[in-house]
Structure formats: structure tokens, C-alpha cells
*Asks:* 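Got a structure here, written out as C-alpha cells. Questions coming.
Below, read A as the first sequence line, B as the second, and so on, with proteins coming before strands; counting in each chain starts at 1.
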Amino acid sequence: MSAEVLLFDVLAALAVFSAAAMVIVARTAVAAATALLACLTAVSGILVLIGGELVGVVHLIVHGGAVTVLLLMIVLLVGAEGGRRPASRVRDTAFKLLGCGAAVGIALVVVHTAPGTGVPVSGVESGATIGPGAASAAATALHPAAALHPAAALHPAAALHPAAALHPAAALDTISGGHRAMGLALFRSHLLPLQVLSLLLLSAVVGSVALAGRRAD
Amino acid sequence: MTLLLLAKTLTVLGVLLVGLVPLTAWLERRQSALMQDRVGPARVNVATATLGGLLQPLADAIARLAKESVRPRGADRVLHALAPALALVPVIVMVAVIPFGARYTIGSTTLSLVLADADAGVLWFFALSTLSGLGFVLAGWSSNSDYALLGAVRAGAQTVSCQIAMALSLVPMFAIYGTLRLSDMGLVQDRSIGLGGLLSNLDLGVAAEWLSLPAWGIVQNPVCFATFLLCAMAASRQPPFDSSSAGSEIAGGHTVEYSGVGLGLFQLAGVVQLVVIAGIVTAVFLGGSAIPWLSQDRIISAVSGFYGEGFATLICMGAHAIAFLLKLVSVIVLQVVLRGSMPRLRDDQLMDWLWKGMMPLALLNIFATGFVLVAVGGGGG
């Protein structure tokens, strides 16, 4: 058994265990957030292992670091049990469905406008296969079938395919140059999907301002 | 290859834990004492010789190990024990990406004096420093104490705010060097910028060659150096950015309920962080291991005439390592000067300063640098 496979097994076990067992079972929300951090760190380790170093480190900065800190802040300020009952259940459900629909719509636009992810790729094209998310690059490069499934491109878990650990070189070929290739892909071939994704962030900002404003009344 | 890596790792950890950490801890005490007109550490001695307090860090370490670790009632048992490790481990891992020398070729082997020559070296520093901040947040929450919780909330806000300003403040250097790899940054800085037209009218002869500036980051973009150093200090919660642990206000904040080994680990994390920041600043802004005006080629070609190329490379390697350590220690001294000479920022002042001061300045610097790079037609891009 090579060192890479062993390392992959350990990281994968850690990711699955911390996600499945600890995040869900944890008694307090803070403990769950800490377990989530362990899971995200393990996933980032796997990404590095398959040659997506930039993706791995960005994953760690954004999800492992910033998002988890914010999550912890919210939990320890308002408590996990906080939150009010909605005034109208029907209206609430309607808004939730609308939100889900918008999210799926954005996902579809991103997947189908991104070169190399909307259609099955025959072989590995250089540059064009690098998707908007780092994980999608690794996923498409390693497992062409992943490109058939819209969710795969958006979900980091797609990169967890065991074959990845066996052929780290496969991912290196497409993502070699790391940040350079990624920058070119993001601001040239994938500019439209990137801008569409930023809508999601904008709506999140508007949403949080609205929620904060309502509380101040 | 594995043996070489093991040897490098042991050397770096040895120099860090036996050399730099005690030295930094001593500098922190001794230098602050000098600045504040105090005597400083003067009790610990070997046969009445105090050695300027040089043995104080050892005594501190023994004291931490010998004292009882207390866990307050109602504290989260697992997280309270885990938090010091979560604060320390990422900081130690950061040392792996710092290059303490350049790249050397002896015969057919290429030797790079860095533990992990990561393609995205600087980004690892950002990622790991956020993780370390989480350790402090968890420490405050798990202690079941109001002061500690207050410290945790402040530490969390500070971690997020600092990361953004710190990352943005370094972007101009990425554009100038055209790389994120710290060892490559060292190589790019190992040359001189001629003063060009300024002096070309004067007949200086040989001296003209020496009238140049080293192409270090601090020369190319001093604003970047200042913003990054300050943001990095703020991200590591050193004074004067230590409102999350302010001793005179919230009695130590997130670490108030820690004693013995736990407290020792937090203090160790703080000191190692000081060393790591100095290492990153040296690598990005002070030419890494480069010696001004004496580039690697020049040293090797000068020495190899007498002793052969292999030996010349070894001499160059040694000189580079010494140059790197000297620069590293001077940045540590600079940090201690800064923390000793400024009053602590209040919590809200710190947020104001980060979001309304540092971040716009960093963004402005990005645009200005980009404009200059496009105008000159240079840049790594």
C-alpha cells in the first residue's frame, strides 16, 4: 500500500467519521462546529493529495477558517436554539421553496455555461476543464462521468472518489500551474458563471442585512 | 529523499524550539524592560550569573510544566483540553512553508532549503493562521466564564477582520513577483535594482555597480510591507492589538481560565507566531535569504575559484542561512518595538482601524501597484 493511499484512507475516514458521527451526534452546537472543522480540514487534505493544492488551501481558508469562525460566533452569541417561529407557516414555506428554486436555477446556469462541465468531456482538455470551483476541476479531470451530473460540479464531495488517490498525477496535469490556470479560467472562459455565482453572495448580503434590520425594530 | 526531509525537519524544529523561541521570549522580556526603563528578568541565575536574564525562558517553561492545570466547573471537558493544541499546532505547521535558504545545485542534486515548497506557500500561512485563531475562540467559549467568552467573541471578530485585510495587503507582492511560492519570491529578490538614469551622468567607475538597491519587497513596495506587518501582528493578537486578552480590562480574556501546561501552550503559540510572522516578512519583503549586492551566482563564482564549486555552494548556503536568521531576528526586534511603544487599541477602535483604515489602504495599494505594473510593462503575469 503506497503512502498516498494510506494517507487518503486516514483522511477519508476522518472526514466521514467527523461528519457522520460527530457533527450530527454532538451535544452542543459549538462541538458540532468543531467537528465540522475537522471534516473540512480532512477534505482539504484530500484535495491537496490529489494535486489540487490551490483548491485545498482556498477550501481551508474560506470554509475551514472564515465560515467556521463566523458559524462559531453566531452559535456562541445567539445560541443554537435561538430563532423565532415564523408568523405564517404557508408564507414561510413558499419563501423557502422560492429560495431553493433560485439556488437550483443558479446552479443550472453555472453548470451549463461553464465550458467542459455541461457536456460529457472526451478525454481531458487542458485549461477548459477547469471549472468554477476547484473541486469541479479535480472531479471532471478524474472522473469524466462527474461532468454529467450537475450537482457534481458544485459539490466538493465529488473529488472524494478513491481513484483520485491512486492517480494524483491525473489531477496535476490539469491543475498544474495552480493559481495561474485557475485565474485564467475564472476570468476568461468562466467569467459568466463566476458573475452569476456572485449573485448568490449578493442575495446573502441583502438577506443578512434584512434580518439584522428586522431585529433592531 | 525521505532522510533529507527528516533531517531538514529536525533541524528546523531544533532551531525553532531550542534557539528562536527562547530567544524571542527573552527579547520580549528584556527589550520591553529596556524600553520601559525597568530592570527586566534578573533573578534566574547559574552561580549568581544572571546572563542578562537569558535563562528566564527556561525557568518559565519549567514553571508551566510544574503547575497544576485547572479546569473550571461547567467547562466543556473535551474542547477545553483541545483548544491549546488547536491554537499551537497550525502555528508550528506554518514554519514548514518558510524558506530559510535558496535553491542550490550540488552535482546532480538540487537542494531547496524549505520543508514544504508549496505552490501556494503564502496562502497556507493565511489558512493556518485562521485555524489557530479558532483555537483561541474555542478556548474562550469552553471555559464557562464571562471574561473568557468576551475574549472569544473579540478574538473571533478579530480573526475574520484581520484575515481579509492581511490577504489583500499582500496581493500587490503577488503581482510584482508573479508567484505565490515563497522560495521563488526569494530567488526573484536576489538581485539589485540599478538607480539607472539618476546616476548615469556621473563617472563612478566600479562604484556604479554598488550604487544600487537590492530588489527586495520593502524597496519595491514599502506600503505593502507596513500594512502586511501590522495586519499580521493584529491577526496574531499581539499587543497593541490584544483587546481579546487585555489583561487590565478582561483579565486575560480567552486564556483567563487556563493554567499550567494549557497556558504554556497558548504562550508558546504566541511566541512561535511572532517568529513565523518574522519569517514570512523576511521571505516576502526582505529578500528571504539573499545577501544584498552579493547574489548567489556571484558568491559561488567568487569562492569556487579557490575551493571548487561544491564547497562554494555549501559556503553560500551557510551564508544565506545566517543572513536569513539575522533578518528574522531583526523583524522580531521590530515587532517587539512596535508592541512596546503603542497603547492598546480598544475593541471598536481595532475594528475601525482594520475595516476603514487597513482594508481601503490595501485595496488602493493593489490598484496603484497594478497601474504601475501595467504602465511599466513589467510584472510577473
Side-chain angles (χ1 to χ4, degrees), chain A residues 3 18 22 25-38 40-45 47-48 51-80 134 171-172 175-184 187-188, chain B residues 2 76-80 82-83 86 89-90 93 97 116-142 144 148-164 166-167 174-175 178-181 235 254 380-381:
Chain A
S18 57
M22 285 154 71
V25 177
R27 270 183 302 128
T28 61
V30 173
T34 314
L36 179 66
L37 174 67
L40 292 169
T41 311
V43 170
S44 149
L47 286 170
V48 173
E53 193 201 322
L54 184 72
V55 180
V57 68
V58 169
H59 180 74
L60 200 59
I61 293 177
V62 176
H63 296 128
V67 171
T68 315
V69 172
L70 286 176
L71 198 67
L72 275 177
M73 291 271 293
I74 295 164
V75 168
L76 55 85
L77 277 178
V78 302
L172 270 176
I175 324 182
S176 65
H179 49 273
R180 197 176 297 267
M182 181 82 69
L184 287 174
F187 289 102
R188 293 226 173 115
Chain B
T2 318
D76 189 308
R77 191 177 306 167
V78 179
L79 288 180
H80 193 261
L82 197 66
L86 196 58
V89 171
V93 175
V97 298
D117 201 2
D119 189 35
V122 187
L123 298 187
W124 284 111
F125 167 69
F126 294 145
L128 291 168
S129 73
T130 322
L131 283 192
S132 166
L134 270 173
F136 286 87
V137 176
L138 283 177
W141 179 82
S142 65
N144 191 30
L149 187 66
L150 213 52
V153 172
R154 289 183 182 182
Q158 193 173 342
T159 303
V160 174
S161 316
C162 288
Q163 286 302 320
I164 295 172
M166 182 164 77
F174 303 158
T179 179
L180 289 173
R181 197 188 287 261
H254 36 53

*Asks:* Under 4.5 Å between any side-chain heavy atoms of A/T68 and B/L131, yes or no?
*Replies:* no
*Asks:* If you count heavy-atom pairs within less than 4.5 Å of chain A, which of B/V160, B/L79, B/L180 leads?
*Replies:* B/L180
*Asks:* Using non-hydrogen atoms and a 4.5 Å limit, figure out which bit of B/A157 sits close to chain A: side chain, backbone, both or neither.
*Replies:*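 Interface part for B/A157: both.
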*Asks:* Going by the rule side chain to side chain contact (heavy atoms under 4.5 Å, CB included), which residues pair with B/A139 if we only count those two or more places apart in sequence or in a different chain?
*Replies:*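 With neighbours one apart ignored, the set is B/A83, B/Y258, B/F266.
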*Asks:* Would you indicate whether the side-chain heavy atoms of B/W124 and A/V48 approach each other to under 4.5 Å?
*Replies:*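 A side-chain contact under 4.5 Å exists here.
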*Asks:* Hey, what do you get for CG (B/L123) to CD1 (A/I61), rounding to the nearest 0.5 Å?
*Replies:*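 Answer rounded to 0.5 Å: 5.0 Å.
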*Asks:* About how many Å separate OG1 of A/T41 and CG of B/L128, when rounded to the nearest 0.5 Å?
*Replies:*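 Rounded to the nearest 0.5 Å, the CG-OG1 separation comes out at 9.5 Å.
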*Asks:* Could you have a look at B/I164, B/L138, B/T159 and say which one has the most heavy-atom pairs with chain A under 4.5 angstrom?
*Replies:* B/L138
*Asks:* Any side-chain heavy atom of A/L60 within less than 4.5 Å of one from B/T130?
*Replies:* no
